[in-house]
Amino acid sequence: ARTGTGRAHAKAILFGEHAVVYGAPAVAVPLCQLEVEAEVRTFHGAETRIESELFAGTLQAMPERLQPVATAARASLAEAGLGSAAVQLRIRSAVPHGRGLGSSAAVAAAVARATADFAGREFDTEQLYGIVQQAERVAHGNPSGIDARAVAARGPIRFQSGSTAELPIGAPLTFVIADSGVSGSTAEAVAGVRELRAAEPARIDRAISRLSDLAEGATLDLGLGDRAALGARMREAHELLGRIGVSTTALDALVDAACAAGAAGAKLTGSGLGGCVLALVDSEEQAERIALTLRAAGAQRTWTTTVPVA
Ligand code: PMV
């Protein structure tokens, strides 16, 4: 039987979540050790079949919460010219769901790549982006596109209004990611900011504009490898994200614990209302210490990742 395989990785937004929805720039880094693998095989049945840790059955029978995956599968088959073919699709994901690490986008990108591979071809960047964005729209309405770009990028990116630029960094950066253990709904968080902005436009626009400046400034710090400056910007960004209503006491406690333990900076990452905190540290040795501190402060689990200089 024919087989196709594809992978994609998780991402963390370093600066600009939420503000990016209003056209601000944002910065994201790949989390290469958290991967999704997809495999597409010939299937001698009437209907496409999906197998993953969350679901096994036909494409038609996928539950509501997995509709983004169903959308990615249908869009990928159509784009590969296999619209009516029945295939077997296997998905294995190490990316936790609903933690702001881009799991829905990473699954969609892996499925798209595996389907293209199965068809003996490769989707270009825009085809891949188009498929992942279709799935993301089903997942949370009006996605900025940063997740769709970040899960397919090899290194750090600057993202704004749908376009991406690779972002060279001047020094390797080590982060500890701490999972609060709480699922945050991206759709709810984005809607919450929209409502707050409708009620208090001047205050929220000021915060969005400052988040935008922080992301812009961070692209320069990244180029210089200036960890102290990046850390200070992260702390301010977290404070502002709190002001636009997407932090929680659990996330604030994790940020405070990381900073008190000597992290250069820390902030929530992704849509918030749960999900993860990202802490910037000086070394892998310090990362181990800070990871322990974060677990003592309530993190359910932690990961350490180093973004290398390209
Ligand atoms: O929580 P995530 O990984 O889905 O991040 C969403 C980022 C937002 O800026 C909050 C929304 C968006 O569409 O960009």
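Because only heavy atoms are used, hydrogens play no part in the values below, and waters and symmetry mates are left out as well, while side chains stay in. One is the number of the first residue; the rest follow in order along the sequence. Numbering of ligands and ligand atoms starts at 1, following listing order.
- Considering Arg41, Arg90, Arg92 in turn, Arg90 is the only one that fulfils the salt bridge (Lys or Arg N to Asp or Glu O under 4.0 Å) rule with Glu51.
- Residues satisfying the salt bridge (Lys or Arg N to Asp or Glu O under 4.0 Å) criterion with Glu195, sequence neighbours excluded, are absent altogether.
- Residue Gln33 places its CD atom among more than 12 non-hydrogen atoms of other residues, nucleotides or ligands, all under 6.0 Å distant.
- Remark: Arg233 engages Asp221 in a salt bridge (Lys or Arg N to Asp or Glu O under 4.0 Å) (not counting sequence neighbours).
- Near ligand 1, heavy-atom contacts under 4.0 Å come from Lys11, Ile13, Glu17, His18, Val20, Val21, Gly100, Gly102, His140, Pro143, Ser144, Ile146, Asp147, Thr186, Val190, Gly270, Ser271.
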List, one per line, each side-chain donor-acceptor pair under 3.5 Å for residues 54-65, sequence neighbours excluded.
unit_1	atom_1	unit_2	atom_2	d
Thr58	OG1	Ala61	N	3.3

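- More than 12 heavy-atom neighbours from other residues, nucleotides or ligands sit within 6.0 angstrom of CD on Glu200.
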